[in-house]
2 protein chains.
Amino acid sequence: MATVGSSCLGCPMDPVLKAVTGRWTTTILWNLSTESPLRFGELMGLMPAISAKVLTDRLRMLEQNGIVLRTQKSTIPPEVSYELTTHGQDLHQALRSLHEVALKWNAEGWVPGQGFPEDQVARAAE
Amino acid sequence: MATVGSSCLGCPMDPVLKAVTGRWTTTILWNLSTESPLRFGELMGLMPAISAKVLTDRLRMLEQNGIVLRTQKSTIPPEVSYELTTHGQDLHQALRSLHEVALKWNAEGWVPGQGFPEDQVARAAE
DNA sequence: CAGGATCCAGGGAGATACTG
DNA sequence: CAGTATCTCCCTGGATCCTG
């Protein structure tokens, strides 16, 4: 059985990671976990750099995986909103933790690709 | 200021996500967070499907980002071990949460690309 | 043992244009 | 408004071979 401290030999993390991480995916989940339901256009507005195609792709994939619920009103203009399913809400804690780490590292002066200030001076000393 | 519940407009999650998620990266971090230090070959053994090149790439990137510490004994044969830095240990909670979700979803019959059992019967009913 | 160097193929991201 | 349909390009993962 999978005991605490078990390695990743046959551990179930891999497929889950594939489903919830990856470019944009985690950001979408974070947005939906802090505020929902959100409409398609609202999600676009929260992530200015994403394209409609990629957002659609990610949402479809998350929906397929039972993580996100899509609700569609067939009015004109159409109104579609997204929210986490009950299963998707299992991710709340993980997303919150990730967010906290992000805030902390930012406050500590972490720079993507360069690390923390200490790392940078250590590098400069060489 | 970044307040709690803030969206991802200029929020610091993106670069952090890039650094800690992605194929293999999170799995490596999980292994190092449950058991360390680990040698290069031990990491390989824990992730049979990874190639040496990718493992090296990921470790270098994590090292560059100040998340993983590389310790090298210049003996023959060489012995190199990896562990999380103190900053890297900030990820413990997030990794644990992710792992718990993975175990839960697995127990609930979640299938990558198909979702949960309920989703699958709902789909079959159409 | 722990890698560095190359080469290659595939897929995902992005831009653009169109639609119910 | 909320997509869909293509097309291209680049990046990443994987395989193979070589080395301190």
Side-chain angles (χ1 to χ4, degrees), chain A residues 8 13-32 35-65 67-83 112-113, chain B residues 8 13-15 17-32 35-65 68-83 112-113:
Chain A
C8 267
M13 286 198 84
D14 245 55
V16 170
L17 288 174
K18 261 191 82 164
V20 305
T21 70
R23 186 131 179 77
W24 295 120
T25 313
T26 318
T27 307
I28 293 169
L29 291 173
W30 167 251
N31 280 315
L32 290 177
E35 191 181 351
S36 75
L38 282 172
R39 299 181 53 180
F40 186 88
E42 291 175 322
L43 281 166
M44 286 288 291
L46 292 171
M47 295 171 286
I50 199 176
S51 68
K53 178 209 164 193
V54 174
L55 179 54
T56 305
D57 287 353
R58 290 294 90 81
L59 286 170
R60 291 277 179 278
M61 185 221 202
L62 291 168
E63 191 191 0
Q64 274 271 108
N65 279 320
I67 297 169
V68 158
L69 177 67
R70 186 186 122 110
T71 313
Q72 173 179 5
K73 289 186 197 168
S74 292
T75 54
I76 294 180
E79 184 175 331
V80 184
S81 56
Y82 295 90
E83 60 197 304
Chain B
C8 267
M13 287 199 83
D14 246 55
L17 288 174
K18 261 191 83 165
V20 304
T21 68
R23 187 133 179 75
W24 294 119
T25 312
T26 318
T27 306
I28 293 168
L29 291 173
W30 168 251
N31 280 315
L32 290 178
E35 191 180 352
S36 74
L38 281 172
R39 300 182 53 182
F40 187 88
E42 291 175 323
L43 282 166
M44 287 287 293
L46 292 171
M47 295 171 286
I50 200 175
S51 68
K53 177 207 164 195
V54 174
L55 179 54
T56 304
D57 288 352
R58 290 294 91 82
L59 286 170
R60 289 278 178 275
M61 185 221 200
L62 291 168
E63 191 191 2
Q64 274 270 108
N65 279 320
V68 157
L69 177 68
R70 186 186 123 111
T71 311
Q72 173 179 6
K73 288 186 199 169
S74 292
T75 54
I76 293 181
E79 183 175 331
V80 184
S81 55
Y82 296 90
E83 59 196 305

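Every chain is numbered from 1, with letters handed out A, B, ... down the list of sequences. Values below: every heavy atom of this structure, side chains too, minus hydrogens, waters and symmetry copies.
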| request: Using five pairs at either end of the helix from C:dC1-D:dG20 to C:dG20-D:dC1, determine the angle between the two local helix axes and round it to 10 degrees. | output: 60°
Less than 4.5 Å apart, side chain to side chain, heavy atoms only: is that true for [X] and [Y]?
{"X": "A:S74", "Y": "A:Q72", "answer": "yes"}
{"X": "A:M47", "Y": "A:N31", "answer": "yes"}
{"X": "A:L43", "Y": "A:I50", "answer": "no"}
{"X": "A:R58", "Y": "A:V54", "answer": "yes"}
{"X": "A:L55", "Y": "A:W24", "answer": "no"}

| request: Verify side-chain contact (heavy atoms from CB on, under 4.5 Å) between A:V80 and A:T71, making sure each step is shown before the conclusion. | output: CA-CA 6 Å; A:V80 184; A:T71 313; over 6 Å; no
| request: Would you please test B:I28 and B:L62 for side-chain contact (heavy atoms from CB on, under 4.5 Å) and show each step? | output: CA-CA 10 Å; B:I28 293 168; B:L62 291 168; 4.2 Å; yes
| task | Take A:F40 and A:L59, measure what side-chain contact (heavy atoms from CB on, under 4.5 Å) needs, and give me the verdict at the end. | result | CA-CA 9 Å; A:F40 186 88; A:L59 286 170; 4.1 Å; yes
Check the distance between [N]'s [atom2] and [X]'s [atom1] and give it to me in whole angstrom.
{"X": "A:R70", "N": "D:dC1", "atom1": "CZ", "atom2": "P", "value": "16 Å"}
{"X": "B:E42", "N": "C:dA2", "atom1": "CD", "atom2": "C1'", "value": "13 Å"}
{"X": "B:L59", "N": "C:dC1", "atom1": "CG", "atom2": "C1'", "value": "15 Å"}
{"X": "A:Q72", "N": "D:dC1", "atom1": "CD", "atom2": "C1'", "value": "11 Å"}
{"X": "B:E63", "N": "C:dG4", "atom1": "CD", "atom2": "C1'", "value": "15 Å"}
{"X": "A:I76", "N": "C:dG20", "atom1": "CD1", "atom2": "P", "value": "11 Å"}
{"X": "A:F40", "N": "D:dA2", "atom1": "CZ", "atom2": "C1'", "value": "6 Å"}
{"X": "A:R60", "N": "D:dA5", "atom1": "CZ", "atom2": "P", "value": "10 Å"}

| task | Go through the steps for B:L46 and B:L38 under the test side-chain contact (heavy atoms from CB on, under 4.5 Å), then give the verdict. | result | CA-CA 10 Å; B:L46 292 171; B:L38 281 172; 3.8 Å; yes
| Does A:E79 use its side chain to pair, donor to acceptor, with the backbone of A:K73 at less than 3.5 Å? |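 Pair absent, no side-chain N/O of A:E79 close to backbone of A:K73.
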| query | Quick one: does B:N65's side chain have a donor or acceptor within less than 3.5 Å of a partner on B:A19's backbone? | reply | no
| said: Looking at D:dC1, I'd like to know if its phosphate oxygens (OP1 or OP2) sit under 4.0 Å from a side-chain N or O belonging to A:R39. | reply: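 So the side chain of A:R39 is outside the cut-off, no N or O lying under 4.0 Å from OP1 or OP2 of D:dC1.
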Please list each protein N or O that sits under 3.5 Å from an N or O in nucleotides 18-20 of chain D, with the distance.
none

| request: For each nucleotide in nucleotides 8-17 of chain D, reading 5' to 3', give B when a protein heavy atom comes within less than 4.0 Å of its base, S when such contact involves only the sugar-phosphate, and - otherwise. | output: -----BBB--
